[in-house]
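Note sheet for the following structure.
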There are 2 protein chains.
Amino acid sequence: MELDDRKLKILKAIIANYMETGEPVGSRTISKYTDLNLSSATIRNEMADLEELGYIVQPYTSAGRIPTDAGYRLYVDKLMSDKDEEFAELKETRNELLERVDRLEEMLKQVARVLASNTQYATMITSPHYQDPKVKFVQLSQVDDDSMLAVIVVDGNVIKNKMINVHQELVNDEVLKLNILINTFLQGAALHDINIEMIETMKQQAGKYAGVLEGIFQGVIEAIHEAEELEIYTSGGTNFLKYPELSDATKATKLLEAFEDKKALNDLADDAINKADENNIQIYIGDESPVKSDDMQDLSVVTATYQLKEGAKGTIGIFGPKRMDYKKVVSTLKSLTEELDDIFSKKKE
Amino acid sequence: MELDDRKLKILKAIIANYMETGEPVGSRTISKYTDLNLSSATIRNEMADLEELGYIVQPYTSAGRIPTDAGYRLYVDKLMSDKDEEFAELKETRNELLERVDRLEEMLKQVARVLASNTQYATMITSPHYQDPKVKFVQLSQVDDDSMLAVIVVDGNVIKNKMINVHQELVNDEVLKLNILINTFLQGAALHDINIEMIETMKQQAGKYAGVLEGIFQGVIEAIHEAEELEIYTSGGTNFLKYPELSDATKATKLLEAFEDKKALNDLADDAINKADENNIQIYIGDESPVKSDDMQDLSVVTATYQLKEGAKGTIGIFGPKRMDYKKVVSTLKSLTEELDDIFSKKKE
DNA sequence: ATTAGCACTCAAATTAAATGAGTGCTAACA
DNA sequence: TGTTAGCACTCATTTAATTTGAGTGCTAAT
């Protein structure tokens, strides 16, 4: 059997309608919904074909049809003309975004929030992460009598502050010397460069201040890990409850808990970065998700990858019911990542 | 009518039972539940009295009884002998807590998480906040050709990193001078000390580097605000869904959304700090909450105030159904705040 | 190839009946 | 006088029966 143009049109209409209502859609509805004036009977015949082809199913005998995962997939791959407007909305997003973006963390949280409230789906965003980041420099200073502050700056301007308790007071001159020592060794160092040998050499040269170095190493290692690891921010989990097919108590609880499971989200983000297409967009429908849990069964996830100038990448994800408005989500994500790329490159100039 | 000892015992039994089951409790149940061997008929008589006194109600004619807010209040104030064990659990908590507490933020998040998973209620914790914090010192350093890093340390060791774009490169010596200038003026300054006059004087003395100062002022002001404002971390919102009386779709959505409303939580934290009793514990039952929203109607909130050595205070809150296990919650909170006070004072030594 | 018509199906909504936990009251008892 | 057994009554909840209506597949006519 052929999947001709008319069948495609009908399938598209079914999916579109189901997205709106969340209810199985019947032949009568479609016969009115489309522009190809056909009677419900004809539609019924076509629907029977589409069902045979595996794009739609009846949840029970003599109910309307709902799309299968394959149906959604076809929709996403072929039917979703992304040549649509939706750009007014984007401008809005942009302004909301730029309002007060001083810290990366705040900004990412805000992105997640804005995105969730715009789309009415659950959203996540990861911080950008770097491969094998290097120490840019370390700055040691005396805070008060018994504590020093080590500021460690790592690739991508990840900054780690580390308070260190010292039991002897250092005079200015000594702090200066220590600073020079530290930077001589550590500037440009990656994690694998920091070995016992290096540590020993430094300790020797630091003499009686060797103790201070301990704290610094600790801080450096933590800073590098932080730059490598990715923070994950989520927002709008409650939106799950807005979709009847997800909102019965047990299902909702599981979804919300899964959505708080940073580990799983992390896996998803990793997978998304690897698989993303040339548009940096990746769509998982139900089972397709790399997170193999029953909870994901009922969800679709659309991810986008954004990029800092220096090559560090992060992931944005939108979690919704399978009948989510893919077109809108994809276009929103596309413009958002463009925004972000823009902002990040501006920041550096 | 008198609220004699027997009535109290019965009331206590009713509340305890209702806490377990969440179902209205009848006379028969109580006649078995208590040690004062009475028949259900007698209990019924007593219950009628308790109802007249306003401590319990029937949700509908000829159902069992459930406690009123007044009933819970009495329970909390009088009946809740806190001379109970529950200390094994605490030790556990402690260990989980200490596992990896490098950054305050991480630690607070962890506290919220552990607490939520231990109690099965929703939890929040605020960062400690300071009154009128002062700048401890500022450290300026060159990161690369066109950016500088200002590290601003404020009372309570709140550290703010501020990247500043500079369009002229500074040599080491100049950075040093600038550092001295900045610290001369800003060390020990509170927000109200930073006025136009001061800024102007500094700018004059900085000469062609006046531009750099802009960024520093901005950073200083932000840092002070951050030290003053309180971050709020929440966890376990999904626990609401575990209690049937809270878990119908609309109610749950509202609760979860309210629980994400940082503004409201902030108000609550403020109120809690002011009202807390000598034990630093404060209990809000339903309407008593300072957050006047319908959603709070069905909740009770127990808060505890913890304290950093230097006088900065933070709030921990536990949100649950009115039938929450007050005894357990209060004792958990008490030991937790002790833990925290302990940890914080250790940190400083 | 399309469509009107009709008998048929079945989830969901509605109504009805059965169940049972719990009550208040009365009268008997220690 | 306080306590209790017994009984009629209430009403949310459960279960069963029914009605409703959207939607289907098939057939025969256009």
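Below, chain A is the first sequence line, B the second, and so on; all start at residue 1.
Between Ile66(A) atom CD1 and dA22(D) atom C1' there is a gap of 16 Å when expressed in whole angstrom units. Atom CD in Glu23(B) sits about 9 Å away from atom P in dG22(C), given to the nearest Å. Atom-to-atom, CZ of Arg6(B) to P of dG2(D) comes out at 10 Å; the value is rounded to the nearest Å. Between the C1' atom of dA22(D) and the CD1 atom of Ile30(A) lies a distance of 14 Å, rounded to the nearest Å. The nearest whole Å value for the distance from the CD1 atom in Ile56(B) to the C1' atom in dT23(C) is 12 Å. When the C1' atom of dG24(C) is taken as reference, atom CG of Leu50(B) falls 16 Å away, rounded to whole Å. Distance CG (Leu36(B)) to C1' (dT4(D)): 15 Å, rounded to an integer number of Å. Separating the NZ atom of Lys7(B) from the C1' atom of dT3(D) is a distance of 14 Å, rounded to the nearest angstrom.
For the side-chain contact (heavy atoms from CB on, under 4.5 Å) with Leu3(A), the qualifying choice from Leu11(A), Asp49(A), Leu53(A) is Leu53(A), the only one to do so. Only one option out of Thr29(B), Ile66(B), Ile56(B) pairs with Ile14(B) in a side-chain contact (heavy atoms from CB on, under 4.5 Å); it is Ile56(B).
Under 4.0 angstrom from either OP1 or OP2 of dT4(D) there lies no side-chain N or O belonging to Arg28(B).
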Identify all pairs in which a protein N or O lies below 3.5 Å from an N or O of nucleotides 28-30 of chain C, and state each distance.
none

With 3.5 Å as the limit, what N/O pairs link the protein to nucleotides 11-13 of chain D?
unit_1: dC11(D); atom_1: OP1; unit_2: Thr61(B); atom_2: OG1; d: 3.0

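Evaluation of the ring-ring contact (aromatic ring centres under 6.0 Å, His included) rule for Tyr243(B) yields Tyr121(B) as partners, not counting sequence neighbours. Residues that satisfy the side chain to side chain donor-acceptor pair (under 3.5 Å) test with Lys242(A), not counting sequence neighbours, are Gln120(A), Asn239(A). Ser235(B) is linked by a side chain to side chain donor-acceptor pair (under 3.5 Å) to nothing, counting only residues two or more places apart in sequence or in another chain. Residues forming a side chain to side chain donor-acceptor pair (under 3.5 Å) with Tyr284(B) (at least two apart in sequence, or on another chain): Asp271(B). With sequence neighbours excluded, no residue forms a side-chain contact (heavy atoms from CB on, under 4.5 Å) with Asn37(A). Partners of Asp267(A) under the side chain to side chain donor-acceptor pair (under 3.5 Å) rule, at least two apart in sequence or in another chain, are Lys263(A).
Within the structure, every pair that satisfies the salt bridge (Lys or Arg N to Asp or Glu O under 4.0 Å) test and touches residues 67-77 of chain A, not counting sequence neighbours, is listed here: Asp69(A)-Lys322(A), Arg73(A)-Asp77(A), Arg73(A)-Glu288(A). Among residues at least two apart or in separate chains, there is no ring-ring contact (aromatic ring centres under 6.0 Å, His included) pair with a member in residues 32-60 of chain A. Within the structure, no pair that satisfies the salt bridge (Lys or Arg N to Asp or Glu O under 4.0 Å) test touches residues 17-43 of chain B, not counting sequence neighbours.
Listed by residue number, Leu38(A), Ser39(A), Ala41(A), Thr42(A), Arg44(A), Asn45(A) are the residues of residues 38-47 of chain A with a heavy-atom contact under 4.0 Å to DNA chain C.
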